[in-house]
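Data block below; observations after.
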Protein chains: 2
Amino acid sequence: MTKLSPKAGRGRPPTMKNPKEAILKSAAACFSDAGYEATSLNGIAHNLGMTKAGVYHYFPTKREIFDAIVSSVLKDMLIHSKSSCGGAENAPAELAAFVRAHAEFFEANQHKFSVLFNGRGGDKSDYTDDQITARRAYSDHLQAILERGVAQGSFEIEDTANFARAILGMLNWMSRWFDPQGEKTAAQIADGYTKILLNGVIPR
Amino acid sequence: MTKLSPKAGRGRPPTMKNPKEAILKSAAACFSDAGYEATSLNGIAHNLGMTKAGVYHYFPTKREIFDAIVSSVLKDMLIHSKSSCGGAENAPAELAAFVRAHAEFFEANQHKFSVLFNGRGGDKSDYTDDQITARRAYSDHLQAILERGVAQGSFEIEDTANFARAILGMLNWMSRWFDPQGEKTAAQIADGYTKILLNGVIPR
């Protein structure tokens, strides 16, 4: 029989399967709705039917919850993107896959995305060095797609770094206005963007 | 001789020409660097060599300073954009002028822009109804350019509302990464974006 640590499970409903993930999800919703400053460990716990001590067992501070949200979303979005782009036959298909994967991931993780972009309401020091490195890995992944396209003669792009930022901007901005109840899914909107990125608005 | 109100000029250096604008500029820099929550009226005053009473004379609360920044940047950017787009001969030139004007205005007002987009670190209720209306007027102005282009047969765009949001996203995202000391001006970066928006990345 496994011997439980004296702290294990304290204040946590016995039916919760992945309490750490549940806390991150609930906290992301609170940060996203009310802002980081206005959210308390108590509020996060209350939303989950947990006690503050139950949350504290996994994350002793609000800041650690914030960091766990940001780090997990950065890690998971790169994994999702790489697996989505893997099978693409050429650079245009790879770019289309990237854009669609980003939108899909955003739609499935809206609160966490909002936390990633809004930070803690402060400046760049909201993020750790590891998080900044992870963000760069993601934009490097996109830039590599653009550069492969240029090298193969499929794309004409003067400044791939700035254009990668433009693509991420148009996609990430969706977190400001996307309506989950709207007519189009995020992926459908993204497909429309890809069409214009590839072909431009001037008829060919 | 003009009779001064007993409060006039209290705590304000006599050399300051436009103290209201100076307060907004200084406050925008503070909000942008340290975040809204972490900024105090005292800190804003200190940056200007004013007393807190001097700032208080013009803006009794931090929230009023925030609102004045957001409202003025929204008003001024629409005026700048309309005057920049006015002389364009056709829809592609008009879109190019819009994108360039937005970037120019952003570069000249980076702190205020950052305040506009980061809000007070909370949710949508950071903005007043008038501010939301002013933001809509600006995106409607862009959407009208896109729709004129479609009507004239110059543009092929399936969803002009979503594409207007995409353009604003790619431009506004610059406030996250643009380096004023970098090689390119914001307008030069924007010109590169326009080229791709008009022609796409696939060679014609």
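Per chain, numbering begins at 1; letters A, B, ... match sequence-line order.
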Partner chain A: residue of B/Glu158, B/Met170, B/Lys184 with the largest heavy-atom pair count (under 4.5 Å) = B/Met170
Atom pair CZ/CH2 of A/Phe117 and B/Trp173 - distance to nearest 0.5 Å | 4.5 Å
When rounded to the nearest 0.5 angstrom, what is the spacing between CG in A/Asn162 and CE in B/Met174?
-> 7.5 Å
Side-chain heavy-atom pair A/Arg176, B/Asn172 within 4.5 angstrom cut-off | no
Is A/Asp129 atom CG crowded by more than 12 heavy atoms from other residues, nucleotides or ligands, each under 6.0 Å away?
-> no
Residues in residues 188-199 of chain A that sit under 4.5 Å from chain B, counting heavy atoms only = A/Ile189, A/Tyr193, A/Lys195, A/Ile196, A/Leu197, A/Leu198, A/Asn199
Could you tell me which non-hydrogen atom of A/Arg204 sits nearest to which non-hydrogen atom of B/Ile202, and how far apart they are?
-> NH2-O, 2.6 Å
Taking every non-hydrogen atom, the tightest pair across A/Pro203 and B/Glu156 | CB-OE2, 3.6 Å
Whether over 12 other heavy atoms sit under 6.0 Å from B/Asn18 CG | yes
Could you name the residues of residues 133-153 of chain A that have a heavy atom within less than 4.5 Å of a heavy atom in chain B?
-> A/Arg135, A/Gly153
